[in-house]
There are 2 protein chains.
Amino acid sequence: MTLAEENYLKAIYHLENQSSNDVSTNALAEEMQTKASSVTDMIKKLAEKNMVSYIPYQGVTLSKAGRAHAVKVVRKHRLWEVFLLEKLNFSWDEVHDVAEQLEHIKSEKLTDKLDEFLGFPKVDPHGDPIPDKHGHIEKIDKTSLTDAQEGVTYVCVGVHDSSSDFLKYLDANHISLGTTIEIIHKEPFDNSVKIKFNDAELVVSENVAKNLFLQEVSHNS
Amino acid sequence: MTLAEENYLKAIYHLENQSSNDVSTNALAEEMQTKASSVTDMIKKLAEKNMVSYIPYQGVTLSKAGRAHAVKVVRKHRLWEVFLLEKLNFSWDEVHDVAEQLEHIKSEKLTDKLDEFLGFPKVDPHGDPIPDKHGHIEKIDKTSLTDAQEGVTYVCVGVHDSSSDFLKYLDANHISLGTTIEIIHKEPFDNSVKIKFNDAELVVSENVAKNLFLQEVSHNS
DNA sequence: AAGATTATTTAGATTTGTCTAAACTTTTAA
DNA sequence: TTAAAAGTTTAGACAAATCTAAATAATCTT
């Protein structure tokens, strides 16, 4: 698999996880920041290699081999993110771009040794699960802050949008993974939410709320 | 700089350090495992970008910018080698191939943070010096075992050949960087050398001796 | 259900890095 | 000091990944 092919597989993987339909040429072009015609060409090549199944005008889906390969790339990406944050003290808005490069390094031994070195982490700095050596992904149950209930207490377990701007906003407001958050009030007018954490209150917009993932605290194992 | 360009710069850098003449097209082709015609094409491109100066039929030399870039790649290569060996427990014959990939990751911050994480190492696992952030290289004074003197005690500080086979030979014979070696006898007939270390004696061939670098022990600062 | 709009594919061109084969320099050696 | 050998460059081709523009298919709209 070349670098370009791996990036396509990863993009198809992400889009499949978002909507359950076949992935359209245009959606892929958008995701890859390229032209639809380029996508068609690449898809044909991936179909030749049995990494995707492709019906013209119908879209594309990953084959078993294609998905396995995509998961390996995702695993490497997320492990490197953990490394950058925990060992090299990158901030969580900086890790993504470098991990985009590191995810293409080809050495199973490197990946597995890195995993071990990091203590077999379960999630990356954005709360996304890290596939294990065999490609198994432990699903994390999480609720968006927009779906949280007034009066209930949650822990922040992830973000949907991992753009630098959003992560910097969270940093500036001292919200990070593990922060305990209580829902004070949900404002029906603009869907903003007033939350309380670390003994301070904060009102966040719907846009922020949509992109913050929470997990209800306690009263289960 | 693309990946291919970086590899050419690195190859030119290594060849310049070996012979002080201009680097010939054929020598580069040999080093790069490619054809002379491909080399000519690439050299022209690098000359366009002012990374090398090139006179047809005369060979090529690195420009200031070209050398600076080559040194950066070498720095990354050697830092990653230290990382793989010290942090991920790779053996010293395994680090090279993976470092060949990692050396092309583009992020100055990553390189400098990695350097710091490793404690600013001075040499890589083969005893080669690691350029600092500013491209400065601390020259290591070393003698080949073939030039060592009978009766004198040395420390092993590096290897010339870092092929997997040679390094495995050293491992099998328990020679590593830092091993103290006394020269018992130099055999003029075949230039083999009888050495003593860790209270055991060993005869090594000229080929081995040529590729082991030593430093005379004590009696200086 | 036909025409308009949108989505997708094809055709042909471009760039990067490589190759083979032929042409051309430089060096070596008689 | 030339002819042969060795080294180097040029010309023309190819594969990968991309693009633009044109053609074609699918879908919406009324």
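Just so it is clear: chains get the letters A, B, ... in the order the sequence lines come, proteins before strands, and each one is counted from 1. Everything quoted here is computed from the prediction, not taken from an experiment.
Distance, B:Ile55 CD1 to C:dT25 P: 16 Å, rounded to whole Å. Distance, B:Lys44 NZ to D:dT8 C1': 10 Å, rounded to whole Å. Between the CD atom of B:Glu5 and the P atom of C:dT15 there is a distance of 15 Å, given to the nearest Å. Rounded to an integer number of Å, the gap from CE of B:Met1 to C1' of C:dT16 is 13 Å. Atom P of nucleotide D:dC19 and atom CG of A:Asp41 are separated by 10 Å, given to the nearest angstrom. The interatomic distance linking A:Gln58 (CD) with D:dT27 (C1') rounds to 12 Å, in whole Å. The distance from atom CG of A:Asn26 to atom P of C:dA7 is 6 Å, rounded to the nearest whole Å. Between the CG atom of A:Leu46 and the C1' atom of D:dA16 there is a distance of 13 Å, rounded to whole Å.
Remark: A:Thr2 is not in phosphate contact with D:dA16, judged by side-chain N or O atoms under 4.0 Å from OP1 or OP2. Residue B:Tyr57 has no polar side-chain atom (N or O) positioned under 4.0 Å from OP1 or OP2 of C:dA23. The shortest distance between the side-chain N/O atoms of A:Ser38 and the OP1/OP2 oxygens of D:dC19 is below 4.0 Å. Between D:dT9 and B:Thr25, a contact under 4.0 Å exists linking OP1 or OP2 to a side-chain N or O. Checking the phosphate oxygens (OP1, OP2) of C:dT18, no side-chain nitrogen or oxygen of B:Lys35 falls inside 4.0 Å. OP1 or OP2 of C:dT16 has not a single side-chain nitrogen or oxygen of B:Tyr8 nearer than 4.0 Å. One finds a side-chain N or O of A:Thr34 lying less than 4.0 angstrom from the OP1 or OP2 phosphate oxygen of D:dC19.
Looking at A:Glu116 and A:Lys133, no side-chain N of the basic residue comes within less than 4.0 Å of a carboxylate O on the acidic one, giving no salt bridge. Here A:Asp112 pairs with A:Arg75 in a salt bridge; the nearest charged N to carboxylate O distance falls below 4.0 Å.
Of the possible donor and acceptor atoms, one in the side chain of B:Gln101 sits under 3.5 Å from a partner among the backbone N and O of A:Lys106.
Closest to the side chain of A:Tyr54, from the set D:dT8, C:dT9, D:dT9, is C:dT9.
For B:Glu16 against B:Thr61, the heavy-atom pair with the smallest separation is OE2-CA, 3.1 Å.
Side-chain contact check for A:Ser163 and A:Asp161: at least one donor-acceptor pair (N or O, by modelled atom type) lies under 3.5 Å.
A donor-acceptor contact under 3.5 Å links the side chain of B:Ser37 to the base of C:dT20.
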